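In what follows, every heavy atom counts, from backbone to side chain, and hydrogens, waters and symmetry copies are set aside. Remember, predicted model here, so these are calculated numbers, not experimental data.
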Amino acid sequence: MNKTFAIIRREFNARVRTRTFIFTTLLLPVFMVFVSVVPALMMRGGDRTMRVAIVDGTTDGLGARIESALAGEKLSIKADASQRYELQRVSAVGHTQIVQDSMVALTGLDRKKHPESFDGVLVLGDSLLQMGSAEYLGSNTSAFESMTELESSLSKVLMQTRLAHSGVDPALLAEAMKRADLKTTKVSGGKATGESGAASFAIAYFMAFVLYLGVVLYGQQTMMSVIEEKSSRIMEVLVSSVRPFQMLLGKVLGVGITGLLQMAIWGATVFLVTTEHVRIAGVVGVSPEAMQQFPIPTMSAGLFAIFLAYFVLGFLLYGALYAAIGAMCNSVQDAQQYVAVLTPILMISFFAVFAIFKDPTGGIGVPMSMIPFFSHLAMPVRWSLSSVPAGQLLLSLGLGVVALLGVTWVAARIYRTGILMYGKKPTFAEAFRWIRAK
């Protein structure tokens, strides 16, 4: 076992000390903190009252009604929120263009040097009621959210005016057309978790993507390590002092522990950010109210443990197969033929996740979470979306361990012969004979 531990230590040290490992390991924690805090920071103080000049060329009083409607708009739903617009309406019947030009001349200037300046000019004419056409000239036209808010307010006034002209009570119609507000809350084990459906989807998709990527990348690293040692003939020296099974075990575990360390750091970051995001926001000066505008899904301790457990099972299973492929080949090009057999299986397990999103307690979700080659993605996703019976979880883990032992046995028999085979690329039939050989 000392020799196996030596190989594990070598594989582990060779990877964790690289700049690539350090950079990628730190990148996700930084990114998670960034996406959880920065949006609130960007929004803090970013929305302000707009100074708008209304050039009123209407003759039916529509301009005054629009001014009144815009004056009632606020930046948020809070009672003490600031007004969305600071308005100045100028009557321009008969000389709209002249007034428009004079107002535009005061638009987009430095507010400190020209306190009388405007952010924009809203031009209204008699065609507004019939055609619905108005014009806004401003320095903030690229602020799509602000322009949408302004357009929505104008549309509301137009609708109310048209209804009033038709003899329909606008208030009555608005009450009748009020939309339903459907709030989704995840239920697990017969209890409401307080987590929305969108939040559950986000954390499940994130886990599926990271697990898929981790298994593929670290599996390929295992294969590359075997191919490099075989092509450089170092393998022949190692075989003289270490048994092939010890080499296989050491390589897979060494790379696996490296991946587990990275996944643990990533998972712990997600766990801390999702459970302590309000406290983290307080450290950087963002109020809890601002953070509530950007709800972050929560990763529980149980889900974190399931995430790591199934990464270990998934990687060891596929890692052993990738190591066997590396032992069979003399170059990366030769390995592509065999990797092409594993890739569809991994792709199916990833795309099956989308079916689990739709129905985590039925359909293909349950069988996929039981099949070892797919369960490393399916079960963590099911666990994050719904309550999984303890019996099903234990069965899934048990089948995963049994499959791992079987795959390791097969991979070890291919590995012991393949590492010393050079020249022609072996066929699947030859690999099968290696497995059967005593």
Side-chain angles (χ1 to χ4, degrees), residues 42-179 181 293:
M42 297 296 288
M43 289 296 291
R44 187 181 62 177
D47 206 357
R48 61 178 179 82
T49 300
M50 289 170 50
R51 293 202 68 213
V52 178
I54 300 177
V55 178
D56 186 6
T58 63
T59 58
D60 54 3
L62 183 58
R65 288 194 291 274
I66 289 176
E67 179 188 19
S68 177
L70 294 180
E73 297 284 340
K74 293 189 175 184
L75 291 174
S76 70
I77 60 175
K78 296 181 182 178
D80 59 346
S82 301
Q83 298 296 122
R84 182 174 293 277
Y85 304 105
E86 181 183 335
L87 304 168
Q88 180 178 331
R89 184 169 64 90
V90 181
S91 180
V93 178
H95 48 278
T96 304
Q97 189 62 50
I98 297 174
V99 177
Q100 174 184 321
D101 292 342
S102 64
M103 293 294 102
V104 170
L106 297 174
T107 301
L109 303 178
D110 187 343
R111 185 70 63 84
K112 293 181 179 179
K113 295 181 179 179
H114 302 277
E116 75 283 2
S117 66
F118 300 100
D119 292 303
V121 178
L122 180 62
V123 183
L124 309 176
D126 279 332
S127 63
L128 176 59
L129 188 60
Q130 290 76 25
M131 306 298 296
S133 59
E135 185 178 9
Y136 179 84
L137 302 94
S139 59
N140 59 343
T141 54
S142 60
F144 299 114
E145 184 178 357
S146 298
M147 296 301 100
T148 301
E149 290 282 353
L150 180 59
E151 186 178 49
S152 176
S153 298
L154 290 174
S155 299
K156 191 180 300 182
V157 175
L158 287 178
M159 182 186 71
Q160 292 173 349
T161 304
R162 289 166 180 160
L163 289 172
H165 286 179
S166 302
V168 180
D169 185 359
L172 181 63
L173 185 62
E175 187 68 23
M177 294 182 66
K178 192 175 291 183
R179 296 184 62 183
D181 183 15
Q293 299 180 27

Could you please spell out the steps behind the side chain to side chain contact (heavy atoms under 4.5 Å, CB included) verdict for Leu128 and Ile66?
-> CA-CA 11 Å; Leu128 176 59; Ile66 289 176; 3.4 Å; yes
side-chain hydrogen bond (donor to acceptor under 3.5 Å, both in side chains) between Thr59 and Asp126: does it pass, once the steps are laid out?
-> CA-CA 7 Å; Thr59 58; Asp126 279 332; 3.0 Å; yes
Please say whether more than 12 non-hydrogen atoms of neighbouring residues, nucleotides or ligands are located less than 6.0 Å from CD in Glu151.
-> no
Counting only N and O atoms by type, is there a donor-acceptor contact under 3.5 Å from the side chain of Gln83 to the main-chain atoms of Ala71?
-> yes
Residues Gly138 and Thr107: closest non-hydrogen pair is CA-CG2, 4.1 Å
Verdict with reasoning, Phe118 to Gln88, per side chain to side chain contact (heavy atoms under 4.5 Å, CB included) | CA-CA 9 Å; Phe118 300 100; Gln88 180 178 331; 3.4 Å; yes
What is the distance from atom CG of Leu150 to atom OG1 of Thr148, rounded to the nearest 0.5 Å?
-> 9.5 Å
Look up atom OG in Ser153 and atom CD in Glu73, then write down how far apart they are to the nearest 0.5 Å.
-> 3.5 Å
Between the main-chain N or O of Ala64 and the side-chain N or O of Ser68, is there a donor-acceptor pair closer than 3.5 Å?
-> no
Under 3.5 Å donor-acceptor, Arg84 side chain and Met50 backbone | no
Ionic contact status for Arg89 with Asp56, cut-off 4.0 Å = yes
Give a yes or no on this: more than 12 heavy atoms of other residues, nucleotides or ligands lie within 6.0 Å of atom NZ of Lys156.
-> no
Only one of Thr96, Leu62, Thr58 passes side chain to side chain contact (heavy atoms under 4.5 Å, CB included) with Leu124; say which it is.
-> Thr58
May I have the step-by-step check of side chain to side chain contact (heavy atoms under 4.5 Å, CB included) for Lys113 and Leu109, ending in yes or no?
-> CA-CA 8 Å; Lys113 295 181 179 179; Leu109 303 178; over 6 Å; no
Enter the distance from Met147:CE to Ser152:OG here, rounded to the nearest 0.5 Å.
-> 13.0 Å
Would you say Ile98 has more than 12 foreign heavy atoms packed within less than 6.0 Å of its CD1?
-> no
Passes side chain to side chain contact (heavy atoms under 4.5 Å, CB included), Tyr85 versus Lys74? Steps please.
-> CA-CA 8 Å; Tyr85 304 105; Lys74 293 189 175 184; over 6 Å; no
Distance col, row Gln100:CD vs Glu135:CD, nearest 0.5 angstrom, shows 5.5 Å
Separation between CG of Asp101 and CG of Leu106, rounded to the nearest 0.5 Å | 11.5 Å
Reported CG-to-CG distance for the pair Leu70 and Leu154, which is rounded to 0.5 angstrom = 6.0 Å
